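Reading through the structure tokens given below for one structure.
Bear in mind the structure is a predicted one, so any value in this text is a computation, not a measurement.
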Amino acid sequence: MTARDDDRLARVMEAVRALARTEGRPVGIRHVCQACATMVRAGGVGLYLIGDLGSGEPIYATDVVSEQIMDMQITVGEGPGVYALDGLSPVLAPELTSMSSLRRWPLFAPAAVEAGRPRCSRSRWSST
């Protein structure tokens, strides 16, 4: 880890702890997702738990639209989240209405736009 990574991690961890302190509760998944959404100015954040077989199970979303987007990706088997679950690199879809996004994710992209999320990015974080 670089000094920049250490600094970023420290800022995220402090934001998570601050949310939990404000509520007088132990740190939970909700605090992590909400802090990350705030720090990157995301419309919403969702977290998948990756099982032994590599499949993702949605376990938390910061809002209803994020929950719909997560479920939609698992249901149709495509979208940035599905691709991010396969690897450790981020998958960016800055504009889901673009022709490249519609070709890449013909089922997911129009449904995500209709649900209210014209942009998506997903990353897989590993604890190892």
Side-chain angles (χ1 to χ4, degrees):
M1 255 186 163
T2 67
R4 183 176 176 197
D5 292 335
D6 287 341
D7 182 53
R8 183 180 309 141
L9 179 60
R11 288 193 324 263
V12 170
M13 291 176 68
E14 180 50 37
V16 170
R17 286 191 292 265
L19 281 171
R21 258 194 320 272
T22 299
E23 295 177 0
R25 304 197 42 97
V27 169
I29 291 171
R30 180 171 52 81
H31 301 114
V32 173
C33 291
Q34 288 176 333
C36 289
T38 299
M39 293 188 82
V40 299
R41 296 183 182 106
V45 169
L47 182 66
Y48 293 92
L49 181 64
I50 302 172
D52 290 340
L53 300 176
S55 60
E57 178 67 33
I59 60 168
Y60 185 81
T62 57
D63 60 280
V64 173
V65 174
S66 293
E67 184 176 0
Q68 290 171 341
I69 297 295
M70 292 172 71
D71 289 341
M72 184 184 315
Q73 290 181 89
I74 297 298
T75 301
V76 300
E78 63 181 38
V82 173
Y83 285 90
L85 290 171
D86 288 337
L88 293 176
S89 60
V91 178
L92 304 174
E95 190 58 57
L96 290 173
T97 58
S98 72
M99 287 308 294
S100 63
S101 290
L102 292 169
R103 276 192 297 273
R104 189 174 188 186
W105 303 303
L107 299 174
F108 170 74
V113 171
E114 186 176 318
R117 287 287 154 79
R119 294 169 198 81
C120 285
S121 65
R122 298 290 186 265
S123 296
R124 177 178 175 174
W125 293 2
S126 175
S127 61
T128 57

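The shortest heavy-atom contact between Met70 and Ala61 is SD-CB, 3.9 Å. The minimum heavy-atom distance between Asp63 and Ser66, with the atom names listed, is OD1-OG, 2.8 Å. The shortest heavy-atom contact between Pro110 and Leu107 is CD-O, 3.7 Å. For the residue pair Leu102 and Ala109, the shortest heavy atom distance occurs at CD2-CB, 3.9 Å. Considering all non-hydrogen atoms of both residues, Leu19 and Ala35 come closest at CD1-N, 3.6 Å. Taking all atoms of both residues into account, the shortest heavy-atom contact from Pro106 to Glu78 is N-OE2, 3.1 Å.
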Check: Step by step, would you call Leu96 with Trp105 a side-chain contact (heavy atoms from CB on, under 4.5 Å)?
Finding: CA-CA 9 Å; Leu96 290 173; Trp105 303 303; 3.9 Å; yes
Checklist line | Glu23 and His31: CA distance, side-chain angles, deciding distance, side-chain contact (heavy atoms from CB on, under 4.5 Å) verdict | finding: CA-CA 10 Å; Glu23 295 177 0; His31 301 114; 2.8 Å; yes
Note to self: Evaluate Val12 against Cys36 for side-chain contact (heavy atoms from CB on, under 4.5 Å), listing each step before the verdict.
What the structure shows: CA-CA 7 Å; Val12 170; Cys36 289; 4.3 Å; yes
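Taking a 6.0 Å sphere around CD of Glu14, one finds it holds more than 12 heavy atoms contributed by other residues, nucleotides or ligands. Dense packing is recorded around CE of Met39, with more than 12 heavy atoms of other residues, nucleotides or ligands lying under 6.0 Å away.
When the side chains of ILVMFWY residues are joined at heavy-atom separations under 4.5 Å, either directly or via intervening members, Met13 and Val45 end up in two distinct hydrophobic clusters.
Partners of Thr75 according to the side-chain hydrogen bond (donor to acceptor under 3.5 Å, both in side chains) rule, which considers only residues two or more places apart in sequence or in another chain, do not exist here. In this structure, the side-chain hydrogen bond (donor to acceptor under 3.5 Å, both in side chains) partners of Asp7, at least two apart in sequence or on a different chain, are Arg11. Applying the side-chain hydrogen bond (donor to acceptor under 3.5 Å, both in side chains) test to Arg17 and every residue at least two apart in sequence or in another chain returns nothing.
The line from CD of Gln73 to CZ of Phe108 is 4.0 Å long, rounded to the nearest 0.5 Å. With rounding to the nearest 0.5 Å, the separation of OG1 in Thr62 from CZ in Arg30 is 11.0 Å. To the nearest 0.5 angstrom, Met99 atom CE is 15.0 Å from Arg104 atom CZ. Atom CG of Leu47 sits about 4.0 Å away from atom CD1 of Ile59, to the nearest 0.5 Å.
For the pair Ser98 and Ser101, the minimum side-chain heavy-atom distance is below 4.5 Å.
Listed for the Tyr48 side chain is no donor-acceptor partner under 3.5 Å among the backbone atoms of Tyr60.
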